[in-house]
Amino acid sequence: MQDCIFCQIAHHEIPSTVVFEDDEVIAFEDIDPQAPVHILLVPKQHINTLMELKENEMEVLQHLFLVTQQIATMKQIEYSGFRVVLNCNSHGGQTVYHLHAHLLGGRKMNWPPG
Ligand code: AMP
Ligand code: ZN
């Protein structure tokens, strides 16, 4: 989608600090980090929200979680632990309407979330 910021990042039309990329997913540093490690994992396919992910597209999430494991290891937070957050729509706190997951780590996370 032309006016989608994450599509533009996926196409390298606007800069980002990429930590991993393959044909299906791009992962980059969040511009406003909420933890010492804050990576966004973004499928290259434009899907607005989790609610719009179709049954035959579920492998998008499968792959995204495998990449999450790799990045957690790369960032050396695989044993200390981390949180994966996927915000959906307004009450979920979604601000960019291109499906993505946050990988947060490097500090103890609070529960319940805000
Ligand atoms: P969400 O609120 O779940 O939709 O998450 C959107 C995230 O994208 C926020 O954490 C923003 O800080 C982040 N973000 C927005 N624009 C950029 C950008 N150009 N580069 C990196 N991260 C961004
Ligand atoms: Zn997009």
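Order of appearance sets the numbers: ligands from 1, and atoms from 1 within every ligand. No hydrogens, no waters, no symmetry mates; every other heavy atom, side chains included, goes into these values. Note that the structure is predicted; figures quoted are calculated from it, not measured.
Leu40 and Leu104 fall into different hydrophobic clusters, where Ile, Leu, Val, Met, Phe, Trp and Tyr are joined by side-chain heavy atoms under 4.5 Å apart, directly or via other members. Ile14 and Leu41 fall into different hydrophobic clusters, where Ile, Leu, Val, Met, Phe, Trp and Tyr side chains are chained together by heavy-atom contacts under 4.5 Å. Under the 4.5 Å side-chain heavy-atom criterion for grouping Ile, Leu, Val, Met, Phe, Trp and Tyr, Ile71 is connected to Phe65 within one hydrophobic cluster.
Taking only nitrogen or oxygen atoms, main chain and side chain alike, His102 reaches within less than 3.5 Å of ligand 1. Not one N or O of Ile9 is nearer than 3.5 Å to an N or O of ligand 1, by distance alone.
Each of the atoms 12 (O) of ligand 1 lies under 4.0 Å from some heavy atom of Asp32. Numbered from 1 in the order shown, with element, the atoms of ligand 1 that lie under 4.0 Å from a heavy atom of Asn87 read 1 (P), 2 (O), 3 (O). Below 4.0 Å from some heavy atom of Phe6 lie the following atoms of ligand 1, by number and element: 8 (O).
A side-chain donor from one of His12 and Glu21 sits under 3.5 Å from a side-chain acceptor of the other. Checking Asp22 against His63 by side-chain atom types alone, a donor-acceptor pair falls below 3.5 Å. Checked by atom type, the side-chain pair Gln45/Glu57 shows a donor-acceptor distance below 3.5 Å.
Gln34 does not count as a contact of ligand 1, since none of its heavy atoms falls under 4.0 Å from the ligand. Within the structure, ligand 1 has Gly93 among the residues with a heavy atom less than 4.0 angstrom away. Distances from ligand 1 to the non-hydrogen atoms of Tyr97 include no value under 4.0 Å.
One N or O on the side chain of Arg107 and one on the backbone of Gln34 form a donor-acceptor pair closer than 3.5 Å. Of the possible polar contacts, one joining the His100 side chain to the His98 backbone as a donor-acceptor pair under 3.5 Å is found.
At a heavy-atom distance under 4.0 Å, only side-chain atoms of Leu40, from C-beta outward, approach ligand 1. In Ile5, the part holding a heavy atom less than 4.0 Å from any atom of ligand 1 is the side chain.
The atom of His98 nearest to the Zn ion (ligand 2) is ND1, with the search restricted to N, O or S atoms. Atom ND1 is the N/O/S atom of His46 found closest to the Zn ion (ligand 2).
Around the CE atom of Met51, the shell of radius 6.0 Å holds no more than 12 heavy atoms that belong to other residues, nucleotides or ligands.
Geometry at the Zn ion (ligand 2): SG/Cys4 and SG/Cys7 form an angle of 120°, nearest 10 degrees.
Closest heavy-atom approach to atom 5 (O) of ligand 1 among the candidates Gln94, His100, Glu29: His100.
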Residues Lys54, Glu59; criterion salt bridge (Lys or Arg N to Asp or Glu O under 4.0 Å); working and verdict: CA-CA 10 Å; Lys54 297 184 179 62; Glu59 68 272 13; over 6 Å; no
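Nearest protein heavy-atom contact of atom 4 (O) of ligand 1 is Thr95 N, 2.7 Å. Among protein heavy atoms, atom 12 (O) of ligand 1 sits closest to Asp30 OD1, 2.5 Å. Of all protein heavy atoms, the one closest to atom 17 (C) of ligand 1 is Ile31 CG2, 3.7 Å.
A heavy-atom distance below 4.5 Å is found between the side chains of Val42 and Phe28.
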